Q: 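Structure in structure tokens, see below.
Keep in mind the model is a prediction, meaning the values are calculated, not measured. Letters go in sequence order (proteins before strands), and every chain restarts at 1.
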Number of protein chains: 2
Amino acid sequence: MRLSTKGRYAVTAMLDLTLNGGDGPVTLAEISETQGISLSYLEQLFAGLRGKQLVRGVRGPGGGYYLARPADEISIADIICAVDEWVEFTRCSGNKDCHGGNKCLTHNLWDELSRDIYTFLSDISLADLVARGGEIQAKCKKEAEKAGAKTKAA
Amino acid sequence: MRLSTKGRYAVTAMLDLTLNGGDGPVTLAEISETQGISLSYLEQLFAGLRGKQLVRGVRGPGGGYYLARPADEISIADIICAVDEWVEFTRCSGNKDCHGGNKCLTHNLWDELSRDIYTFLSDISLADLVARGGEIQAKCKKEAEKAGAKTKAA
DNA sequence: ATGTATCCTAGCGTTTTGCTGGGTTATAAT
DNA sequence: ATTATAACCCAGCAAAACGCTAGGATACAT
């Protein structure tokens, strides 16, 4: 498993898509504006997401992206693996060149952990995250209204 | 949270230390040899681990490193944070420049997820990993013996 | 005094990151 | 048909991170 800022950008963009995808497709320009990610970088990320069948793009005016599957069928692990392509770590899978078993052992332990992390992230869907953040959403909206009434309504 | 090959190296080295630290301190040269990590890179990693009070080094002949705390009191999150220093992501924590709440919302959702991952890794100790890999250890040793009887005994 | 090992620092090639800047296609609106 | 809009595609580029080499300094056991 691998987790970097690239994965963060992808998850953030997918969250934006989940939240705003209610009425028609969302353009990358909008996500770029809202989330502060460059348009071209978003395009790269979405190339990966599209390749893994997580999003679908429609071209032309009124176009944009929408989730290819319902939000509860897209896991965080799916998103991260789509953009941060999975690099296999262990080279000693076949037990060759094991230094008395110790090297192989630690590698296997890491693989075990790696699998655990993957499983953990596979059990969290976009819908889960949004649902879990319900109170955050309410609180955030309230404070945003309180802070500046001039901000454009969503 | 951040998870890269750097963190993998650190966890691997700490696992090695846990498994071989029974009889006296373990030298970085040994870990370098066994795990295939360059000595100097290990030194850098252990500088971080030492700074976070996870290991203790003794100098001179017969020296090396040993765990500063028992293996069940050192979590994977501790190790990763020690070498892969924690970068804070959200810049809009104070709800300023929220685009109608949406930017802030997605950032908070990411933070939520990030905290979840951290908590998950905090609950796994070195001792847990080693214990969980018990069957792997047995299997690995057996296969290693079967494969090549010439390999030096641990 | 000597060797061993941690400790420390500077630098270097490579990869990854996130971006700018150019294009081309497909489609909806005019 | 023309035009504007958006997805698509690709080359390159500065900055950072990765993993390493190299050379030293310091502490300690023999």
Q: Report the distance from atom OH of B:Y65 to atom P of C:dA5, rounded to the nearest whole Å.
A: 13 Å
Q: Across the strands shown, which category fits B:F46 at heavy-atom distances under 4.0 angstrom: base, sugar-phosphate, nothing?
A: nothing
Q: Remember a base hit wins even if backbone is also touched, and classify B:T27 as base, sugar-phosphate or nothing at under 4.0 Å, heavy atoms.
A: sugar-phosphate
Q: For the pair made of CG in B:L28 and P in C:dT6, what is the distance, rounded to whole Å?
A: 4 Å
Q: Please report the distance, rounded to the nearest Å, between CD in B:E43 and P in D:dA22.
A: 14 Å
Q: Whole angstrom is fine here: how far is it from CG in B:L45 over to P in D:dC20?
A: 9 Å
Q: Rounded to the Å, how far apart are A:Y9 OH and C:dT16 C1'?
A: 14 Å
Q: Among A:I79, A:L126, A:I76, exactly one meets side chain to side chain contact (heavy atoms under 4.5 Å, CB included) together with A:L15. Which residue is that?
A: A:L126
Q: Please determine whether any donor N or O and acceptor N or O are separated by less than 3.5 Å between the side chain of B:T5 and the base of D:dG19.
A: no
Q: Between B:L121 and A:F120, is any pair of side-chain heavy atoms under 4.5 Å apart?
A: no
Q: Please check the phosphate of D:dC8 (OP1 and OP2 only) for any side-chain N or O of A:R56 closer than 4.0 Å.
A: no
Q: With sugar-phosphate meaning primed atoms plus P, OP1 and OP2, does B:L39 contact a base, only sugar-phosphate, or nothing at under 4.0 Å between heavy atoms?
A: nothing
Q: Under 3.5 Å, is there a donor on one side chain and an acceptor on the other for A:S75 and A:D78?
A: yes
Q: OP1, OP2 of C:dT17 versus side-chain N and O of A:S4: anything below 4.0 Å?
A: yes
Q: Taking for each residue the nucleotide of DNA chain C bearing the nearest heavy atom, is the 5' side occupied by A:G60 or by A:S38?
A: A:S38
Q: Mind checking whether B:D72 and B:D128 have side chains closer than 4.5 Å, heavy atoms only?
A: no
Q: Start at the 5' end of DNA chain C and walk down; is the nucleotide closest to A:Q44 or to B:V58 reached first?
A: B:V58
Q: Does a nitrogen or oxygen in the side chain of B:R8 sit under 4.0 Å from OP1 or OP2 of D:dG19?
A: no
Q: Roughly how many Å is it from CG in B:L42 to C1' in D:dC18, rounded to a whole number?
A: 14 Å
Q: Round to a whole Å and report the spacing from CD of B:E30 to C1' of C:dT4.
A: 12 Å
Q: For C:dG3, does either OP1 or OP2 sit under 4.0 Å from a side-chain N or O belonging to B:R59?
A: no
Q: By nearest atom, which of the nucleotides D:dT21, C:dC7, C:dT16 is closest to the A:R2 side chain?
A: C:dT16
Q: Of A:G57 and B:K6, whose closest DNA chain D nucleotide lies nearer the 5' terminus?
A: A:G57
Q: For B:T106 and A:Q35, test the side chains for any donor-to-acceptor distance below 3.5 angstrom and give the result as yes or no.
A: yes
Q: Just the rounded figure in Å: distance from C1' of D:dA17 to CG of A:D84.
A: 14 Å
